[in-house]
Amino acid sequence: MKISSIIFDLDGVIVSTDEYHYQAWKQISDQEEIYFDREINERLRGVSRMESLDIILSHSDKSYSENEKRLLAQRKNDIYCELLNKLSPDDILPGVIDLLLSLKARNIKVAIGSSSKNTPFILKQIGLTSNFDAIADGNSIKNSKPDPEVFLLAAKMLGIPPVECAVIEDAQAGIDAAKAAGMKAVGIGSAANCLNADMKLSDLTNLDIDQLLEVNEFRS
Ligand code: G6P
Ligand code: MG
């Protein structure tokens with residue numbers, strides 16, 4: 001058996017939106033006088049918007065009501081979306097286009113599996129919406145990574161059994177979600193340090209496609 005579909009995380013795999021997330025959360029934390037730095041921002045990788053807010057608010061002494069939290073998350077998203085207007089195909093990460101073309105040439109199905117509710121907007125901005133056979137994102141799931149829901153949904157939309165899917169991820173939460181879904185997990189960037197990743201790479205430019213499509217003999 002071979003891997004017959006690849007599920008891509010979006011932020012940090014297809015496109016780098018980290019800086020925009022950082023800038024938007026930084027503005028909110030400064031306004032609220034909450035300590036926030038790039039190290040804390042790293043912990044928000046792959047984590048849903050509301051869970052990200054909870055991580056940020058854990059550095060505050062003040063307690064926030066559910067309604068205040070909803071408003072803060074909305075304010076952050078308004079700033080973030082304004083910044084996303086600057087996104088263009090130039091922001092697609094190295095190796096992505098070549099990989100998508102190689103997978104298409106081999107008839108391998110490709111999907112997005114992202115926690116982001118801004119997935120449709122981001123894909124439109126970078127001009128890749130029509131390159132994916134299925135898009136599972138934060139708008140269609142209840143449980144965010146490390147829960148496997150988004151990847152299982154992507155596999156279902158593709159009509160491919162999870163065991164034949166490989167996930168490419170830049171976050172520990174995403175690698176955990178892929179493993180929980182029974183899928184092969186490829187860690188790139190910061191996720192190249194994840195102990196439970198089946199393949200580890202600095203970025204997508206040096207990816208060995210034959211190795212990517214091989215099913216692991218010993219699954220954890
Ligand atoms: C991705 C990012 C996270 C972000 C999440 C939700 O997984 O890595 O940092 O919190 O999406 O993003 P959203 O666009 O819905 O606020
Ligand atoms: Mg990511």
Side-chain angles (χ1 to χ4, degrees), residues 6-29 36-58 69-87 91-96 111-126 128 132 135-151 153-154 166-179 183 185-194 197 200-204:
I6 306 295
I7 304 173
F8 292 80
D9 172 46
L10 179 65
D11 296 278
V13 171
I14 299 284
V15 65
S16 181
T17 46
D18 296 27
E19 186 55 30
Y20 295 156
H21 275 297
Y22 172 75
Q23 286 178 23
W25 282 128
K26 181 72 180 147
Q27 277 192 47
I28 297 297
S29 346
F36 180 66
D37 61 17
R38 286 180 190 276
E39 211 177 303
I40 302 170
N41 192 54
E42 274 299 301
R43 290 174 46 208
L44 312 183
R45 228 176 247 282
V47 175
S48 74
R49 192 182 309 163
M50 292 312 287
E51 283 162 322
S52 297
L53 178 63
D54 283 337
I55 293 174
I56 290 168
L57 296 184
S58 70
K69 289 206 289 190
R70 198 180 48 76
L71 292 172
L72 280 180
Q74 183 59 53
R75 256 162 63 201
K76 181 268 177 178
N77 195 53
D78 290 345
I79 301 167
Y80 178 59
C81 286
E82 192 60 40
L83 293 167
L84 287 182
N85 279 318
K86 294 192 233 169
L87 215 59
D91 296 298
I92 296 172
L93 285 166
V96 169
I112 291 285
S114 167
S115 306
S116 173
K117 295 187 171 179
N118 291 300
T119 296
F121 183 42
I122 295 172
L123 286 174
K124 180 173 158 276
Q125 289 296 96
I126 59 174
L128 287 185
F132 294 94
I135 295 171
D137 67 20
N139 299 296
S140 37
I141 53 162
K142 282 206 183 75
N143 306 300
S144 186
K145 301 168 190 177
D147 190 282
E149 187 179 349
V150 78
F151 294 140
L153 176 64
V167 168
I168 307 184
E169 256 296 343
D170 72 316
Q172 178 73 63
I175 296 290
D176 293 344
K179 296 314 298 173
M183 298 177 181
V186 181
I188 67 163
S190 354
N193 300 320
C194 296
K200 299 167 194 188
L201 300 160
S202 54
D203 60 44
L204 290 177

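Along the sequence shown, the residues carry numbers beginning at 1. It should be emphasised that the depicted structure is a prediction, and the values quoted were computed from it without experimental measurement. Counting starts at 1 for both ligands and their atoms, following the listed order. FYI, side chains are in, hydrogens and waters are out, and symmetry mates aren't considered; it's all heavy atoms of this structure.
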Of all the heavy-atom pairs spanning Ser52 and Trp25, show the shortest one and how long it is.
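Shortest heavy-atom separation between Ser52 and Trp25 comes out as CB-CZ2, 3.7 Å.
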
Identify the heavy atoms of Leu87 and Val15 that sit nearest to each other, and give their distance.
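Scanning both residues completely, I find the closest heavy atoms to be CD1-CG2, 4.1 Å.
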
Return the name of the atom in Asp9, of element N, O or S, nearest to the Mg ion (ligand 2).
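Asp9's closest N, O or S atom to the Mg ion (ligand 2) is named OD2.
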
Among the N, O or S atoms of Asp11, which one sits nearest to the Mg ion (ligand 2)?
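Atom name returned: O.
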
Ligand 1 atoms in contact with Ser52 (distance to a heavy atom under 4.0 Å)
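That gives atoms 10 (O) of ligand 1.
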
Check each atom of ligand 1 against the heavy atoms of Lys117 and keep those under 4.0 Å away; list them by number with element.
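Taking each heavy atom of Lys117 in turn, ligand 1 has 13 (P), 14 (O), 15 (O) under 4.0 Å.
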
For Arg45 and Asp18, run side chain to side chain contact (heavy atoms under 4.5 Å, CB included): C-alpha distance rounded to whole Å, both residues' side-chain angles, the deciding distance at 0.1 Å, then the answer.
CA-CA 8 Å; Arg45 228 176 247 282; Asp18 296 27; 2.6 Å; yes

Distance from Lys117 atom NZ to Ile122 atom CD1, nearest 0.5 Å?
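The NZ atom of Lys117 sits 13.5 Å away from the CD1 atom of Ile122.
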
How long is the span from the OG atom in Ser114 to the NZ atom in Lys145, to the nearest 0.5 Å?
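That separation rounds to 5.5 Å.
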
Answer yes or no as to whether an N/O/S atom of Asp170 is found below 2.8 Å from the Mg ion (ligand 2).
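Yes, Asp170 qualifies, because one of its backbone or side-chain N, O or S atoms lies under 2.8 Å.
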
Closest protein heavy atom (residue, atom, distance) for [atom]:
| atom | result |
| --- | --- |
| atom 9 (O) of ligand 1 | Leu44 O, 2.9 Å |
| atom 4 (C) of ligand 1 | Val47 O, 3.2 Å |
| atom 8 (O) of ligand 1 | Gly46 N, 2.9 Å |

Candidates Ile175, Asp176, Val47 - the one meeting side chain to side chain contact (heavy atoms under 4.5 Å, CB included) with Pro146:
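Among Ile175, Asp176, Val47, the one that satisfies the side chain to side chain contact (heavy atoms under 4.5 Å, CB included) with Pro146 is Asp176.
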
Between Asp54 and Lys69, does any NZ, NE, NH1 or NH2 come within less than 4.0 Å of an OD or OE carboxylate oxygen?
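Salt bridge present between Lys69 and Asp54.
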
Counting only heavy atoms not in Gln23, do more than 12 sit closer than 6.0 Å to its CD atom?
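More than 12 within 6.0 Å, yes.
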
Min N/O separation [X] to ligand 1 under 3.5 Å:
| X | result |
| --- | --- |
| Asn118 | yes |
| Asp9 | no |
| Arg45 | no |

Does Gly138 reach ligand 1, in the sense of a heavy atom lying below 4.0 Å from it?
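In this structure, Gly138 fails to qualify as a contact of ligand 1 - no heavy atom is under 4.0 Å.
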
Between ligand 1 and Ser114, can you find any atom pair, the residue atom being a heavy atom, that is separated by under 4.0 Å?
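Distance cut 4.0 Å: Ser114 fails for ligand 1.
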
